[in-house]
Amino acid sequence: MDNTALTPAARLAEVRANIAKVCKPARREPADITLIAVSKTHPAERIEPLIAAGQRVFGENRVQEAQAKWPALRAAYPDLELHLIGQLQSNKAEEAVALFDCIHALDRPNLLTALAKAMAKLAKPVPCFVQVNIGDEPQKGGCALADLPAFLEAVRASGIPLAGLMCIPPADIEPAPFFALLAKLAADHGLTGLSMGMSGDYETAVMLGATHVRVGSALFGARA
Ligand SMILES: *Cc1c(COP(=O)(O)O)cnc(C)c1O
């Protein structure tokens, strides 16, 4: 996927067209898929051309980096939506709740406790996706498959808004079976939101039911 010569607006149009193309055979509507432009590592001047081209939903993976970049952008463009897509430490829960509109990496009881407390304190309910360790990889975040039913029950009991399930499949292996498994888990638990698919596999993810795709390099070019 070498589209480095394209302008940000052209890359955005290309990604949107690719999503629309797979929506057709999948009998889905492009409007039902939220494209999250993952802007981590990129400065505001690389983000603004995408805002100018109409993109409104962005993703960051670090609370501190987002705090440095986004307050000024949000002041300039009040209709932006900011998603936290990366691992979150419990001691950063309150800062995350204050800054983000959606959190994609809720994966353990102590983080659930910290987020529920922060949302109550700030009176700001922030929808959260429960991240599932779909490939059972020890080095990766995410709730273990065996722990998922009990954890979802705890999230529901906490009262924080449950957006759905999120996964990052293992690298260097066909992702479709993992996307299909996440979709099945979501259906089994009565959840409709599915955050899955990145630059290399977002079309596959859409065909398998993704409602939120997290696309970085296909929009911004390679990260340093
Ligand atoms: C960086 C990142 C992405 C985007 O990755 P690309 O391959 O650049 O599209 C998506 N999801 C998460 C959790 C990430 O950390």
Side-chain angles (χ1 to χ4, degrees), residues 34 36 38-40 57-68 70-71 74 80-170 178-198 205 209-214 216:
T34 301
I36 303 170
V38 177
S39 50
K40 64 189 186 198
V57 185
F58 290 85
E60 290 281 345
N61 71 334
R62 292 215 165 97
V63 173
Q64 248 172 333
E65 182 185 343
Q67 279 174 328
W70 284 94
R74 301 195 84 150
L80 296 181
E81 210 179 282
L82 194 58
H83 292 227
L84 178 63
I85 59 167
Q87 290 286 298
L88 177 59
Q89 292 168 294
S90 301
N91 63 6
K92 297 245 172 73
E94 192 173 326
E95 292 161 272
V97 167
L99 184 61
F100 289 94
D101 302 299
C102 185
I103 291 171
H104 289 242
L106 172 54
D107 63 354
R108 56 194 193 278
N110 72 338
L111 181 58
L112 172 61
T113 305
L115 285 170
K117 194 173 150 200
M119 288 181 207
K121 182 174 169 192
L122 301 179
K124 184 186 177 198
V126 176
C128 292
F129 285 88
V130 166
Q131 182 176 352
V132 180
N133 189 348
I134 201 79
D136 199 18
E137 298 172 283
Q139 81 282 13
K140 247 186 208 162
C143 178
L145 285 171
D147 300 336
L148 187 64
F151 188 56
L152 287 174
E153 214 167 287
V155 175
R156 285 186 156 125
S158 77
I160 77 173
L162 177 54
L165 301 182
M166 178 273 206
C167 77
I168 307 170
F178 299 100
F179 293 153
L181 176 57
L182 194 75
K184 181 183 184 304
L185 290 168
D188 287 350
H189 292 281
L191 297 166
T192 48
L194 279 174
S195 169
M196 57 188 197
M198 315 192 347
T211 58
H212 293 68
V213 292
R214 312 176 308 265

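Sequence positions, counted from 1, serve as the residue numbers for this chain.
Surrounding NZ of Lys117 are at most 12 heavy atoms belonging to other residues, nucleotides or ligands under 6.0 Å away. Heavy atoms of other residues, nucleotides or ligands lying less than 6.0 angstrom from CD of Glu153 number 12 at most. More than 12 heavy atoms of other residues, nucleotides or ligands lie within 6.0 Å of CZ in Arg74, so this atom counts as buried by the packing criterion.
When all heavy atoms are compared, the tightest approach of Trp70 to Ser39 is CZ2-OG, 3.4 Å.
Within the model, atoms CG of Leu106 and CE of Met166 stand 11.0 Å from one another, a figure rounded to the nearest 0.5 Å.
In this structure, Lys124 contributes its side chain and Phe100 its backbone to a donor-acceptor pair below 3.5 Å. With hydrogens and angles disregarded, a donor-acceptor distance shorter than 3.5 Å links the side chain of Asp101 to the backbone of Leu82.
Contact of the Ser90 side chain with the Arg108 side chain is registered, since non-hydrogen atoms from C-beta on lie closer than 4.5 Å. Within the 4.5 Å cutoff, side-chain heavy atoms of Ser195 are placed close to those of Arg214.
Residues satisfying the side-chain contact (heavy atoms from CB on, under 4.5 Å) criterion with Pro161, sequence neighbours excluded, are Met119, Pro125, Pro127. Evaluation of the side chain to side chain donor-acceptor pair (under 3.5 Å) rule for Asp147 yields no partner, not counting sequence neighbours.
Residue pairs meeting the ring pair (Phe, Tyr, Trp, His ring centres under 6.0 Å) criterion with at least one member in residues 102-130, sequence neighbours excluded: His83-His104, His104-Phe129, Phe129-His212.
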